[in-house]
Amino acid sequence: QSVLTQPPSASGTPGQRVTISCSGSSSNIGSKAVNWYQQLPGTAPKLLIYNNNQRPSGVPDRFSGSKSGTSASLAISGLQSEDEADYYCAAWDDSLNGPVFGGGTKLTVL
Amino acid sequence: QVQLVESGGGVVHPERSLRLSCAASRFTFSNFPMHWVRQAPGKGLEWVAIMSSDGSNKYYADSVKGRFTISRDNSKNTLYLQMNSLRAEDTAVYYCARSPSSSWSRLDYWGQGTLVTVSS
């Protein structure tokens with residue numbers, strides 16, 4: 001049982017816009033920045049979005065993040081086949097003194 | 001480009017010990033807090049432990065507290081995870097990851113991981 005709640009799966013067709021939600025509480029998302037990670041099949045996770053909506057260098061602007069209250073969202077526009085991956089939200093949790101992760105969302109590009 | 005290379009994984013019997021290493025290069029290791037994160041087969045990510053850049057602060061997930069110890073040797077640019085009293089549920093790929101000193105929650109670079117299998 002993950003501290004942050006994500007839908008287990010999402011899907012879309014090439015070119016579509018897909019959103020993935022992440023729900024937490026006041027001790028994590030409600031008071032801390034949200035980060036998103038992309039894990040392509042068989043590889044290590046990679047930072048995709050940080051500080052709720054910032055993209056590291058090299059991440060396409062098709063990826064965007066937002067936060068409101070104790071929830072956050074990742075949006076992927078212009079969906080491409082190479083976006084097929086697992087996506088994880090995460091945020092620091094003061095009660096844990098460490099980051100907590102969502103259970104992950106497996107994105108399928110149909 | 002930042003490089004993190006984990007090693008030390010393998011098959012170990014329950015209740016035995018194992019030490020993982022993470023060799024860092026191409027950045028000033030002593031300036032960055034470091035994490036261990038694990039991923040059980042077919043499961044999601046689970047944070048394990050964090051150590052501050054100078055080693056003065058460290059925190060653990062409840063699931064490993066009292067059994068695992070994170071440490072670092074800044075002179076060798078290496079992060080460690082000493083794992084004692086291993087259980088079957090500790091079976092996972094273990095990743096080391098870096099955080100900027102300004103944001104411990106942001107894991108901006110990850111290693112490729114090392115697999116630990118706890119089995120009799």
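Note on naming: letters A, B, ... go to the chains in the order of the sequence lines (proteins, then strands), and numbering restarts at 1 for each one. If you're wondering where the values come from, they're calculated on a predicted model, not measured in any experiment. Atoms considered below: every heavy atom in the structure, side chains included; atoms not considered: hydrogens, waters and symmetry mates.
- Using a 4.5 Å cut-off on side-chain heavy atoms (C-beta onward), S2(A) and E46(B) make no contact.
- For the pair N35(A) (side chain) and S105(B) (backbone), a donor-acceptor distance under 3.5 Å is present.
- Separation of atoms OG (S103(B)) and CD (Q54(A)) is listed at 11.5 Å; rounding is to 0.5 Å.
- Looking at N51(A), only its side chain comes within 4.5 Å of chain B, counting heavy atoms on both sides.
- Distance CG/L47(A) to CH2/W110(B): 9.0 Å, rounded to 0.5 Å.
- With a 4.5 angstrom heavy-atom cutoff, I50(B) touches chain A only via side-chain atoms.
- For a residue to count as touching a neighbouring chain, one of its non-hydrogen atoms must lie under 4.5 Å from one of that chain's; by this rule T43(A) touches chain B with the backbone only.
- Most heavy-atom pairs under 4.5 Å with chain A: of the set Q112(B), K43(B), R106(B), this distinction falls to R106(B).
- Here the straight-line distance linking atom CG of L45(B) with atom SG of C89(A) works out to 10.5 Å at 0.5 Å rounding.
- Counting heavy-atom neighbours within 6.0 Å of R62(A) CZ, excluding the residue itself, gives a total above 12.
- When all heavy atoms of Y95(B) and A44(A) are compared, the pair lying nearest together is CE2-CB, 3.6 Å.
- Under the 3.5 Å distance criterion, the side-chain polar atoms of Y37(A) are matched with a main-chain donor or acceptor of L107(B).
- Side-chain contact between V37(B) and F101(A) is present, with heavy atoms from C-beta onward closer than 4.5 Å.
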(message) Y60(B) vs N97(A), test: side chain to side chain contact (heavy atoms under 4.5 Å, CB included). Steps then yes/no.
(response) CA-CA 8 Å; Y60(B) 299 91; N97(A) 265 327; over 6 Å; no

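- Taking P45(A), G103(A), G104(A), G98(A) one by one and counting their heavy-atom pairs under 4.5 Å with chain B, the maximum is reached by P45(A).
- In this structure, OG in S99(B) is found 7.5 Å from CH2 in W92(A), a value given to the nearest 0.5 Å.
- Residue V48(B): no heavy atom, backbone or side chain, is found under 4.5 Å from chain A.
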